[in-house]
Each structure stands twice: as C-alpha cells, then as structure tokens.
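Have a look at the structure below, then the notes.
Per chain, numbering begins at 1; letters A, B, ... match sequence-line order. These values consider heavy atoms only, across backbone and side chains, with no hydrogens, waters or symmetry-generated copies.
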Amino acid sequence: MLDEYAPHKFEEKMRKKWEELKLHEFDEKSKRKVFIIDTPPPFPTGEFHIGNTLNWCYMDFVARYKRMCGYNVLFPQGWDCHGFPTEVKVEKKYGRLPREQFKEKCLEWTRDVISTMKPQMKEMGFSIDWRQEYYTIDKEYHRKVQYSILKMFEKGLVYRSKHPVLWCTCCGSAIAKAETDEIERETALNYISFSCEGKPLVIATTRPELLHACVAVLVNPEDGRYKQLHGKTAVVPLFNREVKIIPDSEVDPSFGTGIVMVCTFGDKQDVTWSYRHNLPVIEAMDGRGKLLNAGKFTGLKAELAREKILEELNLLKLITKKEKLKQMVKIHDRCKRPVEFLNSAQWFMKLKGHEEEIMKAANEMRWVPSHTIQLLIDWCRGLEWDWCFSRQRIFGIPIPFWYCEKCDCVIAPGYPNLPVDPARDKPPVKNCPKCEGKLIGETSICDGWVDSSITPLVIGGWPDDEKKFTALYPSSLRPQGTDIIRTWAFYTIYRCLMLTGKPCFKDVLINGMVCGSDGKKMSKSLGNYVEAKDVIKKSSVDSLRMWAALSGSTGKDNIFYWKDVNYAHSFLNKLWNASKFIEFSLKESDGGKQKLRVTDRWILSRLNKVVETCTNAFENYDFYTAITTFTEFFWHEFCDYYLEEVKHRLYQPDKYGTESRRAAQSTLKTVLLTSLKLTAPFAAYTIDELYQQLFSKEESIHAESWPKEDKKMIDEESEQNAMLLNKVLSEIRKFKMSQKLSLNTELSSAKIKVEKPEQLDSVKEEIEAAGRIKKIEISKGEFKVELKK
RNA sequence: GGGCUCGUAGUCGAAUGGUAAGACGUCACCCUGACACGGUGAAAACUCCCGGUUCGAUCCCGGGCGGGCCCACCA
C-alpha cells in the first residue's frame, strides 16, 4: 500500500533503477526512428544554476516524451571547457605560469569543476546517455575541430589577415571583449581646425594624439551645413596630409561640429567606418602604446604625445574651443587601463557573402517560438566583417597552421597528424615552399565558439563514420537560450552548412532567461539568485522540474516564483493521494462484466481530449499548456467531481450493483494510468514510483508508450449531462456552506428545475449519493435548486 | 540609439472580434471513509494610455508610455 508522499525517499533508488534498465541509452543498432538532441555543452563554472535547470528540463521533457513515442533518442552531453574565465581563475590561484604548466592547471581546474556539476545534473534526473559524453579538451575533440578548420581552409573560408583587435598597451596583448570593463570618465573634447580649400574646418575630437592616423573626415549626408563639402578633401593640421570628406549617415550632426575624423583606429566606430569606406590604414601606435608614423612625435607614449600635440596646436592657434565631456571607456579588467584597437595579424572565417545561405538554412528550420529566428536574421543582415576567430590566449584549441615569416604563406598539417600544436610541433615542411623563408608556428588559439559550433557534427560521428553520420545528421533538436542565438546558433548553422552543405537542425527550441523576483536576469551580482539545490532541498526534484514547465510559456523570460514550486508539490501530493484512493478501490476487482455510467463516459471523454491537447502541446514544445491542461483536468474535474461521484458505487456494490462497481474500477484505472503517462516526462521520479507500486514492479513508466487519443471515446452528450450534474452538486455544496453544514450532511429533499429534465435522468443516482439527498424532484423550468435540511 | 518581446485582479498568468480561465495571497465555512500539502464558497480586473477599423476590441492597425532581453554606444 502507498505510504505518505515523500519524494526524497525514492529519488535515488529510482535513479539506480533507470541505470539498471539502461533506459537512457541510445541504441546504435536499433532500426527505430531516431531523435537527436544537440545538447548544449555548458561551460564548467562549478554550479548548475536555475537557468541551466530550465534549459535542461525542457530537453529532458522532450527526451522522455520522444522515448515514450517510440523514438530511439540520442541525448548526449558535452562540456565546453576552454575559455578565458578558467584562465582568470587559474591565474588568480597560481599566478602566472609557463605555458604548458598553465594549461595543465587549467585542465585540472576544469575536471574538478565538472566533477561537481555532473552529480547535480544526475540528481535532476536528466535522462542523458552518459556514454555519449564529450569534452572539448579531449584530444579527439581537438582533432575534430582542427579537421573542420582545415576543411574550411581548403574551401577558402579560412584566412590570415591584418585586422584591428582589442589590445591592452599596458599588458602588450590582444584581449577578448569579455575581458573588458567599462568606466565613466571625464575627458576634454577639443575643437581643432582642419582646412578645406584654404578655409578652416573645425572638428571636435577627444583623441588629438591620433591626428597623424586620420584617414578621412565624415559628415552626415543630411547636414545642410556641409553638403558642399562632399567629395572634397580636408587637410590634417600639423601633418599636412589631405584626406577625403565623405558623407555617412551614422554621423551625429548634433555632436561637436557635426564633423568627425576617422583614425585607424580610435574606437570601434572607426573600425566600422574604415571597412565601410575602404579607407587606408595608418598604424597609429605599437603594442606598447608608442606612436608610429607620427613624424616628430613618433616613439612618444600616447599620453605624452597628446600633450605635445595640443601644445603645438595651441601655438598655431588651431584649437578653437575646449569642452569637458563625460564618456564611457572600455578598460582591461586586469590592469584597468583603457583599451585600444590595434592592427594585428589574425585568423578569419569568411562570413561576408554567405549571409543569404545562412539565412536560407535557418529558414528551413522550425524555430520555437517562431519569432526568435528574427534575432538571427537581423544579425546576418548587420554583419560588418568576417569572424576573427583567433585569440592570443593559452587555454584553447591551437589554430593548426604555420606561416612564412617572409611571405605570409600558410602551411597546413596533414590530416593524419591532427591534432597539432604549432606552438610546439614542427611544421610538416622545413621552409616556406615558395620563398624558402622560415616557418613560424601559430601560437594563437581558437575562439571558444569554434569549438562549440560543430556539436551537431560531433554527436553524429563526423568525420570518421560516414554511414553513422548519414543517419544522425541533422540533429532533430537544438535547445538553447535566447542569449546565444547570435553566437552558438549562428556559428553552428554557418560552420555546419559550410562543412556539409546542409542545415544542421530540424527544430530550434529557444528558452527564455530565468529572472529573479525583481524581473531581472538572475545573477549573483544582483543578489536575485536562487540555487537549484535549495529548491530541491526545500521541495523536491520533481517540483523543480514541474516548475520549469509551469513558469510560463516557452521562449518567454520567466521569473522564478516559489509559488510555482509549491503548487507543483501540492499537485504531486494530490496525485499521490488520489492514486492511494484508487489503489484501495481496485483491491477487490475481478474481470467480470461492466456497465458504464454517464459519469464514466464523461471522464473518459474528457481524458481523451486531454490526451490530444497534451500530445499537440508536446509536439510544439509547449510544456506550459501540456502541464496546465493536465493539472486542471486531473485536479478539478477528476478529483473534485468524478471521484466524489463514484465513491458510492465502490463502497456499496450491494446497493448499486457489481457491474457498476467494475465499471467504476476500470475507469479509475484507465484514467490513472493514462494520467501517469502524461505526467511522466515532468515529474519523472514521483510518477515512476507510483507506476511501479501500482502497475508494474519490474518495469518503468519511462519505457511505457505515450497514450493515443481514442476518438470513439469522445462523448459530447455524456459530457453535457455530467456538466449539469456538476452544476447541481455545486448548488448543493453552496447551500451546505451557507447553512454551515459539513458536506456529508444528509438533506431531506431537493427540488431541481432544469430546461431539459431528461438530461438528469441518468445521473439522479449521483445527485442522491454524492449530494446526500433523500428525495429528489426534477421538473422543467429555469435552472434552480431548492433544498431542505 | 537599434532589434526582438511583453504590459490583463494585491501578486503571477491563460484565453478570446461580442466585457475575461486558473494559481498564489485574502476572507468565510467545512477535519466529508485518498489528501488540512485538503474541500466548498466569497470578495477582488473600466484587460497601460490615445487614436483608427468594426454593429461591437482586451484581442486587428497606427502612435505614445513603461518593463525585459540582446546588440551598439558615440567621435
């Protein structure tokens, strides 16, 4: 017999059972249709937070649902290990170490962290096939990533070129955008007089030290003051160089004088303008912040050069005005010094020119919710330049090339030699085949998105097993957050398309961000943080899983509310107790003849409609609809009404007939079993415990098949009659409340008026028994129920 | 500043071209042979504002205002 509901008692036991039954294992030999989930490889941070929880719950709902539908589900799990946050943590702990030693420490740290995250994921009951685990730090994974780069290189999609990168002149290194902070500071806006056809042309700038690198002057095309300047040239003071005056709509006419000087490179905007107008590049400073190509100012540090240049401009009376200006400046988070843009040799993947193909591939996928594809489309349309994927860091996959010191010729390794580390390994040939120049091994590593943008290929067995790959590509589902559409989704679609010529997913399921009670994205710094393990401790894993479905419709940002968790727990408790009641009621059941009553037909009809709604909802990844449709039905129709209306038949077979009792028993059993199936993907532990205790000791509900709606069971007439019955019972309950009577008080008589009295003919027994009425009179008229004590 | 998205009872949150589910919270009553982690009821919403289309809009269109997410941030 069922005990009290205590989920913590059976969670672990159930996990072991699933493992024994190998429920989550993908069957490579099976001929069943496959369903492949391109699981996100999380970055190992040590904690599986509630945002991850939502994301993985969605995947697990799908995985469990699809298995019940008969699919052979591939639910792998990867770890996206490389990245600068790890480097930062390791450096903090050990200080600066030699390259190889530093890498070792990063690996150690990563393994530690994964070993704390994995148990959390197992505890959540995610039905991952852990045999399909992969790590981006593995040699094999390195090999595949480098293989993909080589393939793209062969297709002319990878090249080395000079490009502006974020650079810290204090540390003498390129840095990633994620390593920057922003501060507000006050600076001077200098109005400097250029000249055009002998007349002065005043330009406001905060960077006079970049005057020597000025390559163009821009005005807004709509700005009436400067229309006559379009196409003319301006002369840069001190350096006496002529630069073009170009119209560009991104120039703000209200800032300064409405004229901008473009330098290579003052800021991100300069980079954009340089590319857009194909401007020449003048390298303004070296890696330590000393001016280059600046005449007599060459070699001076930028700050000093600024003073000298301003001094000289002042002497020449070329500064017409000075204003104070507050500005936001990007600084390097480690040394807190402002960041510059510096031209340096980097590696690129060709994006420009492929936008249309990428959008076409994306359009062939089903995006849920559908509007989320727009983020990707906008991103494609706004692409300004190719993807600079090289990083001057240590912990990552090496870019597998050597290049000639003299002629920049690129040497690639042979495929059988992968993976390589050109920083350490010898090149395949001694010298440059073109000019005999010395070959230099690339020391840069790949951007982390290079690693993670081939996951649909890797889980499909690419590039080694063609037969397997044909069967396992594209992935059926890519589940991910809305925050990384422009990165993970975008790069994956692009790279897989370039490598295979085919779109990499069928469906893309986008989940929203989990927010704190203040409506903002949950983060430790905002203090609006709730930890998954606290929820589990205070409630249960299943409540947390159900919360993921209850917290709002798919794709929306959802705020974490304890009330959703509590509701989930109450519901599961209710389901548990209803099961207990049914278990007891089925005790003395035999297989004899049955006679269904209207209430049975009503609840079975409703059940079949619920099955249909839930199935459709699952097909559309609409977990909210699935769970709420079900809970509403089970709690407020099945428990609140049906169970009350059936008790008399169970308790008094002598009075109401054994055939009626058998019908009640079989209906209860059908509704319960179907209900358990419908909720199994959500409350995986609780439902399986109920299933095993009530229906099958040996098996698991997760190996059962998903219910199919039976159209023959839809019975509108019985539904209508039962609704009327429920309305009458509600009136009886109201009356008892108003008289402060308990609901089991017996009433002497009821006079019921309804428009169609014949509707109540078949449910008179229920009114009598569930309403506890001695004598009932039914007549035709406007709906009314008169009761006597 | 740009894109996307949302704006419905105290708090959440569905639905719909004809004035609106459900949950939490509140209040009242009920320990009825599954469940007090329960039951039955009650109170509580001019569906953000202004226009337009329509016989009629919360739902459609336009314009505001205000959240959120992502991106770009100003020479």
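Here the straight-line distance linking atom CG of A:Leu218 with atom CG of A:Asp223 works out to 12.0 Å at 0.5 Å rounding.
A side chain to side chain contact (heavy atoms under 4.5 Å, CB included) with A:Val646 is found for exactly one of A:Glu644, A:His648, A:Arg649, namely A:Arg649.
In this entry B:rU32 has no Watson-Crick or G-U wobble partner, no candidate having both defining distances under 3.5 Å. Pairing for B:rG41 goes to B:rC27, judged as Watson-Crick or G-U wobble with the two contacts each under 3.5 Å. Under the Watson-Crick and G-U wobble criteria, each requiring two contacts below 3.5 Å, nucleotide B:rG62 is paired to B:rC50.
Within the 4.0 angstrom heavy-atom criterion, base atoms lie near A:Phe255. If you check every strand for non-hydrogen atoms under 4.0 Å, A:Asp640 touches sugar and phosphate atoms only.
Considering only side-chain atoms of A:Arg486, the nucleotide from B:rG2, B:rC24, B:rG13 that sits closest is B:rG2. For A:His636, taking side-chain heavy atoms from C-beta onward, the closest of the listed nucleotides B:rA75, B:rG38, B:rG22 is B:rG22.
Under the 4.0 Å criterion applied to side-chain N and carboxylate O atoms, A:Lys580 and A:Glu583 are not assigned as salt-bridge partners.
Taking only distance into account, the side chain of A:His569 meets the base of B:rC37 through a donor-acceptor pair shorter than 3.5 Å. For A:Lys740 against B:rC29, a side-chain-to-base donor-acceptor contact under 3.5 Å is absent. The base of B:rC74 is paired with the side chain of A:Asp252 by a donor and an acceptor separated by under 3.5 Å.
Within a 6.0 Å sphere centred on NZ of A:Lys9, other residues, nucleotides and ligands contribute 12 heavy atoms or fewer.
When each of A:Lys736 and A:Leu325 is assigned the nucleotide of RNA chain B with its nearest heavy atom, A:Lys736 is the one assigned upstream, toward the 5' end.
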